[in-house]
Amino acid sequence: MVMKIEADECRAALTLIRRTIEDHCPPGVLPSEEAVNGLYGAGLMDEAEALAAAIVATIDQMQLRVMMKPPSP
């Protein structure tokens, strides 16, 4: 069974994810909505791609920090 989701519901979900990334991830991992339109495109999948890239960038930064942290005494 295929379930269809309305575009406005998708946009609302992506907005919630964007706000969460903006609140909890390092600055600069997620371009502004306007920049996403220029870098990826203006569609819902383009926004989703930018959000996914921001999540991956955050994980990469966290892993780098852990690797560079000196061992505890």
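Only heavy atoms go into these numbers, but all of them, side chains included; no hydrogens, no water, no symmetry mates.
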Which donor-acceptor pairs under 3.5 Å do side chains of residues 16-27 form with protein atoms, sequence neighbours excluded?
unit_1, atom_1, unit_2, atom_2, d
Arg18, NE, Glu47, OE2, 2.7
Arg18, NH1, Glu22, OE2, 3.2
Arg18, NH1, Pro31, O, 3.0
Arg18, NH2, Pro31, O, 3.2
Arg18, NH2, Glu47, OE1, 3.3
Arg18, NH2, Glu47, OE2, 3.3
Arg19, NH1, Glu22, OE1, 3.2
Arg19, NH2, Glu33, OE2, 3.2
Thr20, OG1, Leu16, O, 2.9

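Closest non-hydrogen pair, Leu30 versus Ala50, comes out as CD1-O, 3.8 Å. Asn37 and Ala42 make their closest contact through OD1-CA, 3.4 Å (heavy atoms, listed as atom of the first residue, atom of the second, distance). Across all non-hydrogen atoms, the minimal contact from Ile5 to Cys10 is CG2-SG, 3.8 Å. Shown here for Ala7 and Leu44, the closest heavy-atom pair between the two residues is O-CD1, 4.0 Å.
Counting only residues at least two apart or in different chains, side chain to side chain donor-acceptor pair (under 3.5 Å) contacts with residues 54-63 are absent.
By the criterion of side-chain heavy atoms lying less than 4.5 angstrom apart, applied directly or through intervening Ile, Leu, Val, Met, Phe, Trp or Tyr residues, Val56 is not grouped with Leu51; the two fall into different hydrophobic clusters.
Hydrophobic cluster of Val36: the remaining members, joined at side-chain heavy-atom separations below 4.5 Å, are Leu39, Tyr40, listed by chain and number.
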